[in-house]
Each structure stands twice: as structure tokens, then as C-alpha cells.
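Remarks on the structure that follows.
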Amino acid sequence: MPRPAPTSSAASIPPSLAPVGGGWHCSHLYYSFDRGALARLSAEDRAAGSRDLIAALDPVGAAAPLRLQTTIVSGQKADFGAMALDPNPLQIDRVHQRIMAGRLGPAIVPRWSFVSMTEISEYVQTPEQFGERLVAEGMDAASAEYQARVKAYSDRLIDMNRQRLTPDFPPYPALCFYPMNKKRKVNENWFTLPKEERNRLMIEHARSGIAFAGKVSQLITVGVGLEDWEWGVTLWAANPEYLKDIVYRMRFDEASARYAEFGPFYTGYVATAEEILKHCFLDE
Ligand code: 76R
């Protein structure tokens with residue numbers, strides 16, 4: 001029986017670090033095992049180190065951030081990953097420090113990390129904008145259908161906004177994470193486009209995203225001002241094939257085709273720390 005995730009931060013947040021916008025801090029952390037260093041550890045340290053790593057990656061441990069998900073990472077970029085979210089940025093950074101401070105630490109190599117925050121995108125439509133779009137598409141603003149559609153949207157928005165700011169992990173087994181920027185080139189500068197044009201492109205983008213409802217769930221976290229890239233894209237999928245399907249489909253959206261630049265992709269599978277150790281042959 002899985003234990004419920006914690007609902008409040010284990011550590012109290014220094015008031016000066018508490019989020020003011022209602023969002024959470026988020027880190028994606030990637031590590032590999034150093035086989036040479038592992039071979040030099042005593043059997044005792046390996047066993048104790050495995051227990052330390054399991055404790056460091058326990059999503060319901062006493063010191064865990066509010067959300068912690070661990071993954072087996074495919075390919076050579078990393079062996080495992082952890083995604084952590086919490087209102088307290090130091091609580092998240094402790095996850096990284098706890099991984100390294102354990103007795104397997106000398107045999108663990110940090111490979112990559114991405115520091116970001118959750119937020120509600122400026123392109124999320126208000127119920128008023130949603131209604132205006134329906135009218136623009138020919139719906140009568142006085143009709144019962146119009147009223148029902150706008151009401152349904154505004155009801156859904158409450159939960160969607162909660163999920164954007166304080167997300168729960170979706171129940172999907174596969175995920176990929178990659179950073180992205182919007183282009184700032186002469187004649188192709190996202191940030192000099194008028195707001196209406198950016199809105200139009202993001203509505204097109206959201207439409208092609210919604211086509212994957214029930215197959216892919218996305219979380220956009222913001223790296224602007226915090227990281228080398230502007231956004232982190234985390235996609236969870238009910239099947240790994242949907243990851244390629246959605247990213248391919250979005251390559252044709254003008255917002256991506258014309259304005260997006262992407263960094264490295266990290267693809268993985270949700271797994272507990274015990275499963276990671278077994279998968280990486282560390283349980284022997
Ligand atoms: O949040 C919402 O669901 C509202 C509509 C929406 C916004 C505002 C939305 C929907 N996205 C939004 C914002 Mn998105 N998204 C990406 C990528 O690979 C690529 O080509 C691009 C990477 C994917 C795959 C994806 C998927 N989206 C953004 C932003 C921030 C812009 C800003 O704030 O300036 C970026 C960088 C971005 C990129 N998007 C959706 C999806 C999917 C699947 C949806 C449908 C809604 C859902 O299922 O959650």
C-alpha cells in the first residue's frame with residue numbers, strides 16, 4: 001500500500017524564501033554510478049550506502065520534499081534521475097546533498113541538473129478570453145451552450161491551476177525532460193512579438209497538446225532567471241511511444257517550429273530507489 005505523499009514541508013521555510021506567487025521550486029537531478037569507485041567500496045559500505053540512497057530518495061521519508069519522483073534513465077547520459085518539488089528551495093537542494101552525503105556518495109557522479117519553478121503561464125486563458133474565443137468561432141453568447149462551456153472551463157481552470165502550481169505526479173510510467181528556449185534572433189524573436197500574436201501561437205500549441213489528453217501529461221517549469229535555459233519541459237506518458245508522437249507533432253506548431261530551441265533530452269522510467277539499484281546491478 002503506498003503511503004500518502006506529505007502535504008506540508010518538513011522543514012520550515014525562512015520567510016524570505018517563501019514563494020510569493022503560489023508556485024513551488026523544482027529541481028531535476030541526474031546521476032550516474034562510478035563503477036571504479038563502487039568496486040573500491042567495501043561490501044559493508046556498499047550495503048550501507050544502498051540503504052542511504054534508498055532513504056535519500058524516499059518520497060515519503062521524514063525529510064522528503066513535498067514531491068519526489070525517481071526514475072531509471074535510459075542511455076548513457078545518466079543512470080538515474082530525481083525530480084523534486086517543494087515551496088522551500090533548500091529542502092529540494094537537500095535531496096541532492098543527501099544523495100551525495102550517503103555512503104554511496106563517493107561512487108555517485110552528478111551528471112546534470114535543472115533548477116526551475118512552477119508558475120501559471122501568461123497564456124492560460126481566463127474564462128472571459130475563453131468565452132470571447134467561442135464567440136469569435138460563431139457561438140451565440142446568450143445561448144445555453146455558451147454558458148455551459150464557459151462554466152465548465154472556469155470550473156476546470158481551478159484544478160488546472162492548482163496542478164500547474166502545486167503539481168501531483170501523473171500515474172504514467174514513462175517520462176522525458178528537456179530544456180527549451182524561445183528564439184531571440186533578428187526577425188525571429190519571440191520576445192518582440194506582440195502579445196496577441198504570442199497568444200495566437202500558444203492557443204495553437206495548446207490545441208495540439210490537448211489532442212494527447214489521457215496519453216501525455218505535461219509540466220512546464222520556468223528557468224528564466226534561475227537556469228541556463230528558459231523552460232523545463234517534463235512530459236509523462238502512458239506509453240513511451242507517446243513521447244515521440246507528441247514532440248513530433250509539436251515540431252509542426254509554429255510556436256515550436258519557428259521559435260523553439262531545445263536542449264538535451266533525458267528519458268526515463270518511474271522507479272523506486274530499490275528498483276533503480278536492482279536495475280543498475282547494485283543489489284548484488
Ligand atoms: O497550461 C495549459 O494546459 C494551457 C495551455 C498551454 C500553455 C499555456 C499548454 C498546453 N502549454 C502551455 C505553455 Mn505546452 N508544451 C511545451 C512542450 O516540444 C515542443 O515542441 C515544446 C515542448 C510540450 C511537448 C508541451 C505540451 N508549453 C507552454 C510553454 C510556456 C510558455 C510561456 O509561459 O511563455 C512552453 C515552453 C510549452 C512547451 N502543452 C499544452 C503541452 C500539452 C500536452 C498541452 C495540453 C495541456 C495538457 O495536457 O496539460
Side-chain angles (χ1 to χ4, degrees), residues 21-24 26 28 114 116-133 149-150 152-172 174-184 188-268:
W24 283 349
C26 177
H28 292 72
F114 193 87
S116 59
M117 287 192 79
T118 63
E119 72 167 16
I120 296 175
S121 162
E122 64 187 287
Y123 304 106
V124 171
Q125 291 183 289
T126 62
E128 293 71 36
Q129 289 169 323
F130 181 80
E132 283 163 19
R133 211 178 83 207
R149 292 272 304 269
V150 172
Y153 180 77
S154 82
D155 290 349
R156 212 167 61 235
L157 198 57
I158 296 168
D159 195 53
M160 281 174 5
N161 285 344
R162 189 205 54 75
Q163 176 63 17
R164 286 180 190 109
L165 289 175
T166 61
D168 285 308
F169 295 121
Y172 292 152
L175 76 156
C176 76
F177 173 73
Y178 52 99
M180 83 179 254
N181 286 341
K182 287 279 171 67
K183 237 181 250 170
R184 280 181 282 120
E188 267 178 353
N189 188 332
W190 174 260
F191 297 92
T192 57
L193 291 179
K195 175 85 203 244
E196 308 80 69
E197 177 65 357
R198 283 180 282 127
N199 256 334
R200 185 185 69 77
L201 295 173
M202 291 310 289
I203 288 171
E204 178 196 43
H205 161 80
R207 281 216 175 121
S208 66
I210 289 160
F212 287 83
K215 291 179 170 174
V216 176
S217 184
Q218 139 263 28
L219 180 69
I220 302 300
T221 53
V222 186
V224 178
L226 308 168
E227 255 300 349
D228 303 337
W229 293 82
E230 291 164 354
W231 286 281
V233 181
T234 311
L235 302 175
W236 289 270
N239 184 285
E241 288 190 31
Y242 302 146
L243 297 172
K244 76 175 175 49
D245 295 345
I246 189 170
V247 173
Y248 181 69
R249 161 82 178 259
M250 291 208 165
R251 287 294 195 261
F252 294 95
D253 292 344
E254 202 178 339
S256 294
R258 190 140 179 225
Y259 294 105
E261 293 169 336
F262 300 100
F265 279 62
Y266 284 73
T267 302

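When a ligand or atom number is given, it counts from 1 through the structure's own listing order.
At least one N/O-N/O distance between Arg164 and ligand 1 falls below 3.5 Å. Here's the thing with Ser256: one of its N/O atoms is less than 3.5 angstrom from an N/O atom of ligand 1. Residue Tyr178 has at least one nitrogen or oxygen atom sitting less than 3.5 Å from a nitrogen or oxygen atom of ligand 1, judged on distance alone. Residue Glu122 has no N or O atom closer than 3.5 Å to an N or O atom of ligand 1. On a distance-only criterion, Gln218 and ligand 1 share at least one N/O pair closer than 3.5 Å.
Shown here for Lys182 and Trp231, the closest heavy-atom pair between the two residues is CG-CZ3, 3.5 Å. Residues Trp236 and Tyr172 approach most closely at O-CD1, 3.5 Å, considering heavy atoms.
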ask   = Should Glu230 and Arg184 be marked as a salt bridge (charged side-chain N to carboxylate O under 4.0 Å, His left out) after you check the CA-CA gap, both sets of side-chain angles, and the distance that decides it?
value = CA-CA 12 Å; Glu230 291 164 354; Arg184 280 181 282 120; 3.7 Å; yes
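Between Trp231 and ligand 1 there is a heavy-atom distance shorter than 4.0 Å.
A donor-acceptor pair is defined here as one N or O able to donate and one able to accept, closer than 3.5 Å; such a pair exists between the side chain of Gln129 and the backbone of Thr126. The closest donor-acceptor contact from the side chain of Asn181 to the backbone of Lys183 lies at 3.5 Å or more, if one exists at all. With hydrogens and angles disregarded, a donor-acceptor distance shorter than 3.5 Å links the side chain of Thr118 to the backbone of Leu165. Not a single donor-acceptor pair under 3.5 Å links the side chain of Asp253 to the backbone N or O of Ala255. Put simply, the side chain of Gln218 never gets that close to the backbone of Val233: no donor and acceptor are under 3.5 Å apart.
The side chain of Leu235, and not its backbone, has at least one atom closer than 4.0 Å to an atom of ligand 1 (non-hydrogen atoms only; side chain from C-beta on). At a heavy-atom distance under 4.0 Å, no atom of Phe212 approaches ligand 1. When heavy-atom distances to ligand 1 are checked against a 4.0 Å cut-off, Val222 has no atom that comes that close, whether in backbone or side chain. Under 4.0 Å from ligand 1, the heavy atoms of His205 that appear belong solely to its side chain. At a heavy-atom distance under 4.0 Å, only side-chain atoms of Met202, from C-beta outward, approach ligand 1.
When hydrogens are left out, the protein atom nearest atom 6 (C) of ligand 1 is Ala206 CB, 3.9 Å; that is the closest non-hydrogen contact. Residue, atom and distance of the protein heavy atom nearest to atom 26 (C) of ligand 1 are Met250 CE, 3.4 Å. Given atom 8 (C) of ligand 1, the protein heavy atom at minimum distance is Ser121 OG, 3.4 Å. Atom 44 (C) of ligand 1 has as its closest protein heavy atom Gly209 CA, 3.6 Å. Nearest protein heavy-atom contact of atom 48 (O) of ligand 1 is Val216 O, 4.2 Å. The nearest protein atom to atom 37 (C) of ligand 1, hydrogens excluded, is given as Ile220 CD1, 3.4 Å; this is a heavy-atom distance.
Other residues, nucleotides and ligands place more than 12 heavy atoms under 6.0 Å from the CD atom of Gln163.
Side-chain rings of Tyr153 and Phe130 approach one another, their centers coming within less than 6.0 Å.
Close approach of ligand 1 to Val233 is summarised as follows: ligand atoms under 4.0 Å from at least one heavy atom of the residue are 17 (C), 22 (C). Interface of Ile246 with ligand 1, defined as ligand atoms under 4.0 Å from a residue heavy atom, comprises 43 (C). Close approach of ligand 1 to Phe262 (heavy-atom distance below 4.0 Å) involves ligand atoms 18 (O), 19 (C), 20 (O), 21 (C).
A cation-pi contact links Lys215 to Tyr242, judged by a cut-off of 6.0 Å to the six-membered ring centre and 45° from its axis.
Classified by interplanar angle (parallel below 30°, tilted 30° to 60°, perpendicular above 60°), the ring pair Tyr178/Phe262 is perpendicular.
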